[in-house]
Amino acid sequence: MVSWTGMVACYAENDHSKEALECFSEMRNVGFMPNNYTFVSVLKACVGLQEIGMGKSIHGCVLKSSYELDNYVSIALLNLYTDCGDIRGAQCVFEDIPRKDVISWSFMIARYAQSDQSEAAIGMFCQMRKALVVPNQFTFASLLQSCASLGCLSLGNQIHCFVLKLGLLSDVFVSNALMDVYSKCGIMENSVTLFVDAETKNEVTWNTMIVGYGQLGNGEASLTMFMNMLEQKVLPNEVTYSSALHACASLAALDPGTQIHSLTIKTKFDKDTIVGNALIDMYGKCGDIRHARLVFDMMRNRDEVSWNSMISAYSMHGLASEALRIFQWMQESEFKPNKLTFVGVLSACCNMGLLDEGQAYFTSMVRDYGIEPCMEHYTCMVWLLGRLGKLDKAMKLIADIPFHPSVMIWRALLGACVIHNDVELGRVAAERVLEMEPWDEAAYVLLSNMYAAAKRWGNVACVRKSMKKKGMKKEPGLSWIEVQGNTHLFTVGDTSHPEIRLINGMLQWLKVRITREGYVPNCCVVLLDIEDDEKERLLWLHSERVALAFALIRTPSGSPIRILKNLRICADCHAAIKIISKVVEREIVVRDINRFHHFQDGVCSCSDYW
DNA sequence: ATAGGGTTAG
């Protein structure tokens, strides 16, 4: 009997699952009784072959055998059930274990945590404590994972104390998991403390910090962590690279992003699907749509995220036909469009004002793909209708939304009202926004702009007053560019730059040149109660123009210029930059709060619809 | 005699 068992075990251990199963059935045919070790080995082979049915029949054998459910066999069974997604089956096996030890408890907690059943994982831990079983580092690592995904700080603190009491903080898995809890709860200070005090650090330790900062929107800190990690000679893995690229994307930092891309090529991590997806996203968000597409084309193993990222990237750049071509191609591939795919597709239509197409995709999404529209889909449709001036239809759509409209929906409607000067509806939209987010300064500013456009200066003053009462200020218009690794930031009428005299000279020259090409200042965009020549002067102080002038001085001729700004680009700057792109023969990319504009040869990729 | 469990990402 021992030799039969030894054979089954040997096969199972060495990845010969098929032979293990054959050996097991032969053993039974010749009438030998399997023991615990035989069961463990053959169950392992079943999991390896995904032979769930076989596994369950062996479970039957185990129950019939004279052995009481052994802890080793029970773990093998738990593994079998959870591996085929039958966590309830596993729970039943677990309940029948006569003497549950720390390993069986920890196993169940781990599997609940991994299958997104955080509450169940925590429930198991409570039962475990009632059963007076002492948890170990494995238990805590899993428990903390659930705690992190729930973002439950009070529980995290309790577990932290417990960990300290048991002296388990020195375990790198436990301290990593605890750091993650604090970062998911938004308390990076605590994560930093743990990070600094950690006895042992591995690449996961660093990744947890990089990801933590990234998810809290602190791209700079995330990138700094990444650079420190390189300095400390800790080897990055695919998680590191994808997260660092994500930070670059959030900062629209093309240079660091490109450098990290080279690092991934050197280390071969560029072949990783998730890193590839992060590269598409990074290039897209940094304004380099051609490289985004290049990465997409070179990818060996795309997943749905790759397709979605490419569609969204094109959409962000106003290249609706490219976005829709990728969507078409996706449908011909093995991947099925999901919710996020349609967010990309609809926003592509939205960015180009393709009303019929947008409506058709919206209908098809529900009818052909069975996807229930979510808030993002409705936001696209409201903006699509509203932007085209169909404000009543947009309003009707909002009324038809089966759930409570989010602040994004009202913001979209408000934006459309501003463009079409619908003061009354705009006021309603602004009120809704401010009900939900009383500190939304953009809503106040848009409302005030609308009143100003209608020359209702009394209302303007009123809005300004209520802002002042709350101690809120208008978000200043900012533009920035990256030149040789340095970021240069400009505000409206900025005179603080050391090279301001050169910049002003360049602006003067540009003004003369584009006036000769037919530029006429559009003073309507200056919403102040002042004279036209003063308005004209103010237009030339807009931050994007100052940034552009600086870029023309400080970047090599012929290279593309990338400008980032925090607000929507104004109509006059748009007109001016179009002509400038022709005069200076440069490609000028401007990313405003919503999207990218590619100016070249006197035209913009947005076809003047934005 | 011998066999079992864990963290990070789009």
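Values in this document were obtained by computation on a predicted structure and should not be read as measured data. Proteins come first, then strands; the chains are lettered A, B, ... in the order of their sequence lines, and each starts at number 1.
- The distance from atom CG of A:Leu279 to atom P of B:dG10 is 14 Å, rounded to the nearest whole Å.
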Pair A:Ser183-A:Ser191, side-chain hydrogen bond (donor to acceptor under 3.5 Å, both in side chains): steps then yes or no: CA-CA 6 Å; A:Ser183 91; A:Ser191 308; 4.9 Å; no

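- Between the side chains of A:Tyr241 and A:Asn207, no donor-acceptor pair of N or O atoms lies under 3.5 Å.
- Atom CZ of A:Arg111 is separated from atom P of B:dG5 by 8 Å (rounded to the nearest Å).
- Contact annotation: A:Lys184 reaches the phosphate of B:dA9 (side-chain N/O to OP1 or OP2, under 4.0 Å).
- With rounding to whole Å, A:Asp70 atom CG is found 15 Å from B:dT2 atom P.
- Phosphate proximity of B:dT7 to A:Gln114: present, with a side-chain N or O under 4.0 Å from OP1 or OP2.
- Evaluation of atom-type donor-acceptor distances gives a pair under 3.5 Å for the side chain of A:Asp101 against the base of B:dG4.
- Remark: the A:Asp83 side chain and the A:Gln50 side chain contain an N/O donor-acceptor pair separated by less than 3.5 Å.
- Between the side chains of A:Asn338 and A:Thr341, at least one donor N or O lies within less than 3.5 Å of an accepting N or O.
- The nearest whole Å value for the distance from the CZ atom in A:Phe39 to the C1' atom in B:dG4 is 16 Å.
- With rounding to whole Å, A:Arg302 atom CZ is found 21 Å from B:dG10 atom P.
- The aromatic ring of A:Tyr37 does not sit over the base of B:dA3, since the test of centres under 5.5 Å and planes under 30° is not met.
- Residue ring and base: A:Tyr72 counts as stacked with B:dA3 (centre distance below 5.5 Å, interplanar angle below 30°).
- Donor-acceptor pairing under 3.5 Å, judged by distance alone, is present between the side chain of A:Asn136 and the base of B:dG5.
- Nucleotide B:dT7 holds its C1' atom 14 Å from the CD1 atom of A:Ile159, rounded to whole Å.
- Computed from coordinates, the A:Leu178 CG to B:dT8 P distance equals 13 Å when rounded to whole Å.
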